[in-house]
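Atoms considered below: every heavy atom in the structure, side chains included; atoms not considered: hydrogens, waters and symmetry mates.
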Amino acid sequence: MWWWREVVGLVVAGECGGCGRGRVVLCEGCRAVLRGGGARRVRPGVVGVPPVWAAAGYRDVVRAVLLAHKERGALALAGPLGAALAGAVGAAAEGRGVVLVPVPSARRAVRARGHDATRRIARAAAAELRRTGTAARVAAVLRQRRPVADQAGLSSTRRRANLAGALEVVPGGVRLLTGGRIVLVDDLLTTGATLAEAARAVRTSFTGAQVYGTAAGEAREERPTAGVSGPGVPPLRAAVVAAPSDSFATNRN
């Protein structure tokens, strides 16, 4: 049993999860870094990914906080991480109410860690959004339909192959994807392969057929483009806590 991790992680304040100084969950300086100065659009190098926003670049403090929460059971960090994710979700939602759909963790990872890190952060983000006046709820409708290999060290192409067809919406789950902008959420974007597969699974749940993104899919998300969106398939958005710093879109005026 790992219930003790819930108690210790939520009650006992150790060192700062970002810089390691002081007896505080996360110091103000690290909280500011985690917020990243406002959500920014990310340009993943994978087709089929919905428009995606990230709160911060994945480096230094942000990396330390995400790893402490996910791998070391620092559960109290879910609050600050959720607040950061809420900022990215807010940018993706464009003023609308939202349905947050967390990308599922592998079952073996959940067993090893004792918690589903992404779902926990998604719930904290929804609570933060509601606190600030945005209608938000979590619909954890995605699940793995087959095992996948560890993604660490895989190239973008091999990640796509590893994940192809790996996710699905649970039976009846599509009924929960109504009443707001659907925003896929994850803690970290690396290549975009995971979000692309999550988007494919959600689109499939609306069409009843296997649909895949095209090279123009990300740019035409709002249009009824064949294989990406169309009648009965709502436009999707995505949000993450962090993404590689070199993946952020450049604003060209």
- Query: CZ of Arg41 to OG of Ser247: how many Å apart, nearest 0.5 Å?
  - Reply: 11.5 Å

- Item | Contact check, side chains of Arg181 and Pro235, non-hydrogen atoms, under 4.5 Å | yes

- Note on the structure: To the nearest 0.5 Å, atom CG of Leu34 lies from atom CG of Leu85 at 10.0 Å

- Query: Say you draw a straight line from CG of Leu142 to OG of Ser105; how long is it, rounded to the nearest 0.5 Å?
  - Reply: 11.5 Å

- Task: Check Pro50 against Ala238 and note the closest heavy-atom contact, atom names and distance.
- Result: CB-N, 4.4 Å

- Query: What is the distance from atom CG of Leu167 to atom CG of Leu195, rounded to the nearest 0.5 Å?
  - Reply: 10.0 Å

- Message: I need the full list of ring pair (Phe, Tyr, Trp, His ring centres under 6.0 Å) pairs touching residues 173-205, with sequence neighbours left out, sorted by first then second residue.
- Response: none

Could you give the side-chain donor-acceptor pairs of residues 55-68 under 3.5 Å, partners two or more places apart or in another chain?
unit_1 : atom_1 : unit_2 : atom_2 : d
Arg59  : NH1    : Ser245 : OG     : 2.4

- Message: Test side chain to side chain contact (heavy atoms under 4.5 Å, CB included) on Val141 and Val101; report intermediate values, then the result.
- Response: CA-CA 7 Å; Val141 298; Val101 180; 4.1 Å; yes

- Note on the structure: Heavy-atom closest pair (Ala139 atom, Val99 atom, distance to 0.1 Å) is CB-CG1, 3.7 Å

- Item | Sequence-distant partners of Asp187, salt bridge (charged side-chain N to carboxylate O under 4.0 Å, His left out), two or more places apart | Lys70

- Give the minimum heavy-atom separation between Gly82 and Ala124, together with the two atoms involved. CA-CB, 3.8 Å

- Item | Selection residues 123-142 - residue pairs positive for side-chain hydrogen bond (donor to acceptor under 3.5 Å, both in side chains), sequence neighbours left out | Glu128-Arg131

- Message: If hydrophobic clusters are built from ILVMFWY residues whose side chains come within less than 4.5 Å, do Ile121 and Val25 share one?
- Response: yes

- Task: Applying side chain to side chain contact (heavy atoms under 4.5 Å, CB included), name anything that partners Ala78, two or more places apart in sequence or on another chain.
- Result: His69, Arg120

- Query: Roughly how far, to the nearest 0.5 Å, is the CG atom of Leu77 from the CZ atom of Arg31?
  - Reply: 8.5 Å

- Item | Which residues share a salt bridge (charged side-chain N to carboxylate O under 4.0 Å, His left out) with Arg143, sequence neighbours left out | Glu168

- Item | Non-hydrogen atoms of Gly192 and Pro44 that approach each other most closely | CA-CB, 4.3 Å

- Item | Exercise: identify the closest heavy-atom pair between Leu26 and Pro80 | CD2-CB, 3.6 Å

- Item | Trp53 reachable from Val89 in the ILVMFWY side-chain graph, under 4.5 Å edges | no

- Message: Within this structure, what is the CG-CD1 distance for the pair Leu100 and Ile182, rounded to the nearest 0.5 Å?
- Response: 11.0 Å

- Message: Using every non-hydrogen atom in the two residues, find where Val42 and Ala54 come nearest and quote the distance to one decimal.
- Response: CG2-CB, 3.6 Å

